[in-house]
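Reading through the structure tokens given below for one structure.
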Amino acid sequence: MVHAPRNSVLAPGVSRLSRSSVYAKKALYKRKHTTTAAATKTTAADKTVEVKGAKNGTKRTVPAQKASRFYAAEDVPQPKLGRKTAHKTALRSTITPGTVVILLAGRYRGKRAVVLKQLDSGLLLISGPFKVNGVPLRRVNQAYVIATSTKLDLSAVKIDEKFNDCYFKKSAKTEKTFLEGETKKAAFPASKAADQKAVDKALLDVVAKTPFLRQYLASNFGLQKGQFVHNMKF
């Protein structure tokens with residue numbers, strides 16, 4: 001439903017709430033009232049038009065803006081205009097490029113992955129690497145990961161600028177495709193497979209410098225009886 005006014009009309013000229021009640025409910029006493037003079041618009045009220053016919057005169061003065069023939073019998077509530085602006089999602093202090101995170105939801109839940117960077121949408125760009133634990137280049141919300149204290153030095157790893165939100169955008173299915181039913185699954189693009197191999201090669205060079213880090217990334221996270229997440233230090 002569209003935004004309805006807070007103060008309803010009980011009868012013509014009689015409102016449910018008084019002016020002082022509306023003033024208090026809207027907390028207008030907290031707001032700083034500033035007024036700005038509106039720019040004066042010079043619009044002609046009338047205009048002169050030519051009239052045909054010898055007996056009708058040559059000119060006639062009519063209103064510049066013709067009044068509408070129809071109007072609403074009752075006040076129609078108008079939708080409330082939003083004044084909120086979209087801000088970039090703040091990254092948690094425990095998550096930085098190179099941080100090893102544990103995925104908590106989705107197809108790869110329980111697996112570990114390396115954070116490469118934060119995208120413009122606020123999502124994290126991660127990779128397993130794919131050759132180690134099968135987690136490919138993908139986006140994930142930081143709310144569904146556990147940041148660990150293990151970090152990789154990615155100063156020597158160059159992340160291409162083409163890895164953005166548009167890179168992961170899928171083509172929308174048309175109505176024709178839906179009516180045709182199941183179709184043969186398209187092959188994975190060779191360009192994306194090459195991108196995955198390039199990122200894996202750069203990450204594996206960094207992983208090889210730390211003993212047992214490859215085995216740590218390949219292992220799955222799980223809880224056993226008597227283990228509680230809030231008591232653990234990752």
Using a 3.5 Å cut-off and no angle test, enumerate the donor-acceptor pairs between side-chain atoms of residues 223-234 and protein atoms at least two apart in sequence or in another chain.
unit_1	atom_1	unit_2	atom_2	d
Gln227	OE1	Gln224	N	2.8

Checklist entry - Do any N or O atoms from the side chain of Arg31 and from the backbone of Leu28 form a donor-acceptor pair under 3.5 angstrom? => result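 No: the side chain of Arg31 does not pair with the backbone of Leu28.
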Next on the checklist: Please check this pair: side chain of Lys117 against backbone of Phe163, looking for a donor-acceptor N/O pair closer than 3.5 Å.
Outcome noted: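 Checking the backbone N and O of Phe163 against the side chain of Lys117, a donor-acceptor pair under 3.5 Å is found.
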Kindly indicate whether the side chain of [X], heavy atoms from C-beta on, has any atom under 4.5 Å from the side chain of [Y].
X      : Y      : value
Val62  : Asp46  : no
Asp120 : Asn164 : no
Ile159 : Leu154 : no
Leu204 : Val132 : yes
Leu17  : Ser15  : no
Leu116 : Ile126 : no
Asp165 : Lys169 : no
Val199 : Leu137 : yes

Next on the checklist: Could you walk me through whether Phe212 and Tyr216 satisfy the ring pair (Phe, Tyr, Trp, His ring centres under 6.0 Å) test, starting with their C-alpha distance in whole Å, then the side-chain angles of each, then the deciding distance to 0.1 Å, before giving a yes or no?
Outcome noted: CA-CA 6 Å; Phe212 304 109; Tyr216 172 73; over 10 Å; no
Heavy-atom neighbours of [X] [atom1] exceed 12 at 6.0 Å:
X      : atom1 : result
Phe130 : CZ    : no
Lys192 : NZ    : yes
Glu50  : CD    : no
Lys162 : NZ    : yes

Please find the pair of heavy atoms, one from [X] and one from [Y], that lie closest to each other, and give the distance.
X      : Y      : value
Pro77  : Asp75  : CD-O, 3.6 Å
Ser127 : Asp200 : OG-OD1, 3.7 Å
Ser121 : Thr89  : O-OG1, 4.0 Å
Val101 : Ala147 : CG1-CA, 4.1 Å
Arg112 : Leu217 : CB-O, 4.0 Å
Gln142 : Arg92  : O-NH1, 2.6 Å

